[in-house]
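Here is the structure we will look at, set down as structure tokens.
Letters A, B, ... mirror the listed sequences (proteins, then strands); counts begin at 1. Being a predicted model, the structure only gives us computed values, none of them experimental. Values below: every heavy atom of this structure, side chains too, minus hydrogens, waters and symmetry copies.
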Amino acid sequence: MGKFYVTTPIYYVNDVPHVGHAYSTIAADVLSRFYRSLDYDVFFLTGTDEHGQKVAKAAEERGLDVQKHVDEMVVPFKELWKRLEIDSGFIRTTEKRHEIVVQAIFEKLREKGDIYPGKYEGWYCIFEETFYPESQIEEGKCPECSREVKWVSEDSYFFKTSNYIPRLHKHIEENPDFIMPKSRRNEVLSYIESGVQDVSVSRTAIKWGVKVPGDEKHVVYVWFDALINYLSGIGYHPDKKKQDPNFKKFWPADVHIIGKDILKFHAVIWPAMLMALGEDLPKMIFAHGFLTVGGEKISKSRGKVIDPNELIDKYGADAYRYFFMSQFTFGLDGEYTEETMIKRINADLANDLGNLVHRTANMMKKYYEGNVPNPKYSQSDKEGLTRDIKIQINGIPNHLKRYLKVLDFSKSLAAIWHTISLLNKYIEDMAPWQLHKEERNDELAKVMYTLADGIRAVAQFIYPFMPQTAEKIWKQIGATGDLKRFPETKPDIKDLNDWVVLKPGSNFKIAEPLFPRIEE
RNA sequence: GGCAGUGUAGCUCAGUCUGGUUAGAGCACACGGCUCAUACCCGUGUUGUCAUUGGUUCAAAUCCAAUCACUGCCA
């Protein structure tokens with residue numbers, strides 16, 4: 001089977017984790033679980049970016065040793081990922097395994113002449129850790145954060161980004177899926193067509209960072225340092241003899257999930273670095289949109305930070321995951337309100353999914369003491385509602401493969417929810433309570449089995465999105481197979497009797513509703 | 001200032017590339033049905049000058065032009 005390597009950005013530890021961080025990370029986790037369930041060998045990497053001026057300053061303000069400070073700051077991230085059922089590898093840029101690789105890469109590129117010494121002069125914003133051209137500066141203020149900028153002149157190493165731009169341009173043109181969505185791809189194309197300067201990759205004014213080998217008054221620029229995590233996290237080393245076998249197995253990355261704000265670093269500088277190293281480029285860089293509140297970007301300075309922990313406390317991890325994956329188109333901005341979240345939880349999770357499982361459980365108890373009956377599908381089931389259900393379920397795996405290939409999470413969930421609606425409608429149309437009253441036992445057994453097995457399929461479909469709920473359902477319906485093995489599409493449905501997956505006799509229990517309705 | 005994108009039902013959006021049956025979905029709302037269920041589910045229905053104006057065409061939400069509003073990237 002194939003391999004799949006997915007990454008999120010590594011998050012800057014100066015922030016407390018917010019919904020934006022969780023958004024990228026959940027998306028990556030869904031992909032990672034999905035491909036695992038298809039039997040791919042999956043590596044999912046997230047982590048934290050812990051170097052840079054801002055971090056050192058924050059530590060100083062707290063009167064703490066910087067390493068100690070970052071050791072503390074990383075904790076809320078790890079805890080949040082645990083709560084959200086994020087199943088990933090984790091890298092910190094202050095780890096030895098990372099720093100060694102950064103230095104080795106720096107050294108290799110310097111020997112190659114791709115990194116050369118020079119002088120950097122310009123307006124610099126300490127907060128953003130970015131230089132800005134004269135034209136963007138108004139009244140000495142940073143165009144991003146409006147803090148004061150300083151004129152800085154310092155020795156610096158430069159990376160010959162410009163060398164690789166023609167090749168990069170060609171690569172982007174020839175690989176339409178390299179930068180997604182398309183609007184971002186156009187942005188990058190027009191940006192590199194306007195001319196790209198070599199980037200400064202070291203600082204002398206900063207101490208907290210990876211030391212430049214052989215020139216220790218320099219520290220490696222945070223972005224150069226940070227991007228390398230995608231390699232160091234899977235055991236890369238420029239010296240092939242020092243590489244971990246994992247690297248060969250997983251590189252190139254199948255998708256880097258990023259926010260649209262860091263597109264240029266990932267779509268221009270990063271590929272240039274990889275070309276300089278002679279490594280393959282990632283297959284896809286997907287820049288998702290921002291979550292907005294009141295139409296504005298969520299930001300600390302505007303006081304619009306939303307703490308994921310609060311929402312998880314109130315609604316649970318799976319409802320959280322479901323809401324953010326279903327509500328927004330991944331490449332576009334999306335407006336967040338808690339009211340919408342409550343609506344979606346009630347309508348989709350409580351009414352549709354939760355109630356489907358619950359009502360089925362009740363009938364199963366009433367008619368069969370909770371033991372899933374053995375169906376006898378007959379000739380007449382070659383058409384009609386039961387077959388419709390089977391066909392619908394049979395189509396889902398391919399839908400999901402197609403949608404998730406382009407990171408369309410909301411369409412994926414919509415397809416699954418369409419199945420859930422059909423199952424609810426199936427109950428209505430077949431009216432098991434009538435069949436029971438009239439003692440049409442064969443028909444009743446067939447309907448109840450179809451429901452139970454339909455729920456089994458739904459549990460497997462939602463597993464990548466809502467692992468806890470899938471587990472709960474799996475247990476509740478008494479399934480014994482592997483929940484985490486994605487059901488494959490059957491090429492042909494000739495005889496429904498060939499399609500008995502959930503074992504008849506399984507004990508389908510009544511349990512607490514999966515998602516209680518939220519009353520406002 | 002340059003380039004790009006967006007503007008469709010009360011809300012969130014699909015449809016636009018490759019013009020062509022009465023413009024769709026979900027939510028919300030109204031009515032009806034059902035009763036196994038978490039007052040749930042099922043059915044039916046309402047609402048749209050498809051941003052504006054003009055053009056091309058037998059035919060435009062879809063193509064073209066201009067305008068307005070908002071957004072992004074660059075300067």
Pick base, sugar-phosphate or nothing for [X], based on heavy-atom distances below 4.0 Å to the nucleic acid.
| X | value |
| --- | --- |
| A:L514 | base |
| A:T337 | nothing |
| A:F328 | nothing |

Charged N to carboxylate O below 4.0 Å: is that the case for A:K475 and A:E471?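 Judged by the 4.0 Å cut-off on N to carboxylate O distance, A:K475 and A:E471 do not form a salt bridge.
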Under 4.0 Å between a Lys/Arg side-chain N and an Asp/Glu carboxylate O for A:E338 and A:K314?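 Looking at A:E338 and A:K314, the cut-off is met.
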Can you tell me how far [atom2] of [N] sits from [atom1] of [X], to the nearest Å?
| X | N | atom1 | atom2 | value |
| --- | --- | --- | --- | --- |
| A:Y336 | B:C11 | OH | C1' | 17 Å |
| A:K472 | B:U38 | NZ | C1' | 14 Å |
| A:Y368 | B:C36 | OH | C1' | 13 Å |
| A:L189 | B:A4 | CG | P | 13 Å |
| A:N362 | B:C41 | CG | P | 15 Å |
| A:W417 | B:A14 | CH2 | P | 21 Å |
| A:I518 | B:U38 | CD1 | C1' | 12 Å |
| A:F330 | B:C13 | CZ | P | 16 Å |

Nucleotide nearest [X] (side chain, heavy atoms from C-beta), chosen from [options]:
| X | options | result |
| --- | --- | --- |
| A:P513 | B:C41, B:U38, B:C36 | B:U38 |
| A:W433 | B:G72, B:C41, B:U35 | B:U35 |
| A:R517 | B:U38, B:C41, B:U12 | B:U38 |
| A:M363 | B:C36, B:C41, B:C27 | B:C36 |
| A:K260 | B:C41, B:G72, B:U38 | B:G72 |
| A:K343 | B:A28, B:C41, B:C73 | B:A28 |
| A:R184 | B:A37, B:C27, B:G72 | B:G72 |
| A:H358 | B:C41, B:C27, B:A37 | B:A37 |
| A:D352 | B:C36, B:U35, B:C41 | B:C41 |

Which one is paired to B:C3, where only Watson-Crick or G-U wobble pairs with both distances under 3.5 angstrom count?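 B:G72 is the nucleotide pairing with B:C3.
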Pick the [atom1] atom in [N] and in [M], then give their distance to the nearest Å.
| N | M | atom1 | answer |
| --- | --- | --- | --- |
| B:A9 | B:C50 | P | 9 Å |
| B:C31 | B:C68 | C1' | 41 Å |
| B:G48 | B:G2 | P | 39 Å |
| B:U16 | B:C63 | P | 9 Å |
| B:G24 | B:C34 | P | 30 Å |
| B:U22 | B:C11 | C1' | 25 Å |
| B:A14 | B:A59 | P | 29 Å |

Classify the side chain of A:E428 and the base of B:G43 as holding, or not holding, a donor-acceptor pair under 3.5 Å.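 Check fails, no donor-acceptor contact within cut-off.
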Would you say a side-chain N or O of A:K425 is under 4.0 Å from OP1 or OP2 of B:C41?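 For B:C41, neither OP1 nor OP2 has a side-chain N or O of A:K425 closer than 4.0 Å.
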Tell me whether the OP1 or OP2 atom of B:C41 has a side-chain N or O from A:N351 closer than 4.0 Å.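 Yes, such a contact exists.
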